[in-house]
Amino acid sequence: MLHGFPEYGGAWDEIATALQDDFHCIAPDQRGYGASYAPEDVADYALQHLVGDMAALIGTDGPVIVMGHDWGASVAYGLAMFRPELVSHLIIANGVHPVPFQRAMASGGAQSEASQYINALRRPTSDAALAANDFERLLTLFSAKMSLDWMPPARAEDYKAVWRQSGLRGMINWYRASPLVVADPGVPAPMPDLPLERLRVRCPHLLIWGDGDTALLPVSTEGLEAFAPDLTRIEIPGADHWLLHQQPEKIADHIRDWLR
C-alpha cells in the first residue's frame with residue numbers, strides 16, 4: 001500500500017484495518033516521508049529510485065498485490081510496468097498513469113489548470129512556505145476544494161508530527177524530480193516523447209475513483225485502456241481525492257469482490 005503527498009504509511013490505517021482479516025497489509029513510509037530515508041538531492045527522487053525502493057522491499061516475497069494512491073500510484077504503476085514479476089494485481093485509487101496524465105496536463109485544458117500547484121511546489125522556497133506557522137499552508141493545500149472532515153484535530157497532530165520528523169524537502173522533491181510537464185492554462189505544451197511500449201500494465205488492474213476529486217480530473221485517465229487491457233473501473237460517488245479516508249469500508253468491499 002503506497003501512499004501519496006503529503007501523507008505517510010498511516011494514510012492506509014482505515015483501509016488496512018478493513019482488509020486485515022483477508023490480507024497481510026504492508027504500508028511503508030516511502031522515500032522522503034516519515035521515518036524513511038530522506039536524501040537531500042532532487043535527483044535521488046527520480047522514479048527509478050522510488051520504484052527500486054519498493055522492489056527491494058518486496059524482494060523475493062513477490063508477486064504481491066500492489067495498491068497506490070496519489071504519488072504512490074506512480075510508484076505502483078512503475079512496479080507493474082518495469083518490474084512486472086513482482087506484481088500480481090494492481091489497484092489504483094485516485095492516481096494516474098503517466099501517459100494519460102501527461103496528455104491531459106500538456107493540453108492546456110482543465111487538468112493543466114488543476115495542476116498549477118505542481119509548478120508552485122517545485123519552487124525552491126516551497127518547503128519553508130508550507131512549513132511556516134505550524135504547517136498552515138500545507139494544511140490549506142491538503143484541503144483545497146475538498147473535504148477534510150476525516151481529519152479531526154488529533155489526527156492532524158499525527159500528520160504534523162510526521163512532517164516534523166522528515167521535514168518537507170524530500171516529500172516535495174518528488175515533484176521537482178518528476179519530468180512531467182504542466183502547461184499553462186490555455187497554452188498547450190508539446191507532448192514529451194514517452195516510451196509507450198514500456199508503459200503497459202499487463203496484470204489485472206483495478207482503478208477506484210472518487211468522483212469529487214478536484215486535483216486529478218477524470219480526463220487524466222482517458223485512454224488508460226490502451227495501456228492496461230485488463231482494466232476494471234469503479235467510481236465512488238460522494239468521495240474526493242481523500243476517498244481512502246472517506247469510504248474505506250466500501251473500497252475494501254470493492255477490492256475483495258474484484259480479487260475473488
Side-chain angles (χ1 to χ4, degrees), residues 3-7 32 42 45-47 50 68-78 92-132 135-148 168-169 171-196 199 207-228 233 235-244 246:
H3 67 82
F5 176 89
E7 300 198 87
V42 171
Y45 294 85
L47 185 63
L50 308 175
H69 171 251
D70 188 78
W71 264 117
S74 297
V75 179
Y77 272 122
I92 299 295
N94 282 66
V96 286
H97 184 283
V99 180
F101 187 43
Q102 179 59 92
R103 286 173 179 163
M105 286 203 301
S107 72
Q111 186 61 64
S112 303
E113 184 171 357
S115 296
Q116 290 304 303
Y117 72 93
I118 293 176
N119 288 333
L121 287 174
R122 286 170 168 169
R123 295 171 186 157
T125 58
S126 64
D127 317 17
L130 291 175
F135 303 103
E136 179 180 7
R137 290 181 64 179
L138 181 54
L139 286 168
T140 299
L141 178 66
F142 212 153
S143 60
K145 301 180 183 178
M146 290 182 279
S147 173
L148 276 189
L168 301 186
R169 179 175 174 80
M171 297 162 50
I172 296 172
N173 277 348
W174 286 52
Y175 290 93
R176 295 171 178 143
S178 170
L180 291 172
V181 175
V182 183
D184 292 332
V187 185
M191 181 69 182
D193 185 21
L194 298 174
L196 301 185
L199 302 179
L207 178 65
I208 303 172
W209 199 264
D211 66 357
D213 197 335
T214 59
L216 297 176
L217 308 181
V219 67
S220 67
T221 74
E222 288 182 2
L224 177 58
E225 285 79 0
F227 298 92
R233 292 178 182 258
E235 188 169 283
I236 307 295
D240 57 37
H241 191 70
W242 309 116
L243 73 169
L244 300 180
Q246 294 162 337

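- Remark: side-chain polar atoms of Gln116 are paired, donor with acceptor, to backbone N or O of Ala183 under 3.5 angstrom.
- For His69 (side chain) and His241 (main-chain N/O), a donor-acceptor pair under 3.5 Å exists by modelled atom type.
- The backbone N or O of Asp240 sits less than 3.5 Å from a side-chain atom of Gln246, completing a donor-acceptor pair.
- Counting only distance, with no hydrogens or angles, the side chain of Ser112 and the backbone of Met105 share a donor-acceptor pair below 3.5 Å.
- Across all non-hydrogen atoms, the minimal contact from Ala177 to Ala46 is CB-N, 3.9 Å.
- Minimum interatomic distance between Pro100 and Gly223 (heavy atoms only, all atoms of both residues): CG-C, 4.4 Å.
- Of the inter-residue distances, the one linking Ile172 atom CD1 with Leu138 atom CG reads 7.5 Å to the nearest 0.5 angstrom.
- Here Leu207 contributes atom CG and Glu235 contributes atom CD; the two are 10.0 Å apart, rounded to the nearest 0.5 Å.
- Contact check for Asp211 versus Pro237: side-chain heavy atoms found under the 4.5 Å cut-off.
- What you find for Ser147 and Trp242 is that their closest heavy atoms are O-CD1, 3.8 Å.
- In this structure, CH2 on Trp209 lies 5.0 Å from CG on Asn94, to the nearest 0.5 angstrom.
- Atom OH of Tyr77 and atom CD1 of Ile92 lie 5.0 Å apart (nearest 0.5 Å).
- Between the CG atom of Leu121 and the CG atom of Asp127 there is a distance of 9.0 Å, given to the nearest 0.5 Å.
- A donor-acceptor pair is defined here as one N or O able to donate and one able to accept, closer than 3.5 Å; no such pair exists between the side chain of Trp174 and the backbone of Gly4.
- In this structure, the side chains of Tyr45 and Arg169 stay at 4.5 Å or more apart for every pair of heavy atoms.
- Across all their heavy atoms, Leu180 and Pro98 have their closest contact at CD2-O, 4.3 Å.
- Atom OG1 of residue Thr214 and atom CD of residue Glu113 lie 11.5 Å apart, to the nearest 0.5 angstrom.
- Without hydrogens or angle criteria, Asp213 side chain to Ala215 main chain gives a donor-acceptor distance under 3.5 Å.
- Within the 4.5 Å cutoff, the side chain of Ser178 has heavy atoms near those of the Trp71 side chain.
- Arg122 places no side-chain N or O within donor-acceptor distance of the main-chain N or O of Tyr117, the cut-off being under 3.5 Å.
- Here the closest non-hydrogen pair linking Val181 and Ala189 is CG1-CB, 4.1 Å.
- Using a distance-only test at 3.5 Å, with no hydrogens or angles considered, a donor-acceptor pair links the side chain of His97 to the main chain of Leu199.
- Judged by distance alone, the side chain of Gln111 and the main-chain N or O of Leu216 form no donor-acceptor pair under 3.5 Å.
- Within a 6.0 Å sphere centred on CZ of Arg233, other residues, nucleotides and ligands contribute more than 12 heavy atoms.
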*ring-ring contact (aromatic ring centres under 6.0 Å, His included) assessment of Tyr175 paired with Phe5*: CA-CA 10 Å; Tyr175 290 93; Phe5 176 89; 5.2 Å; yes
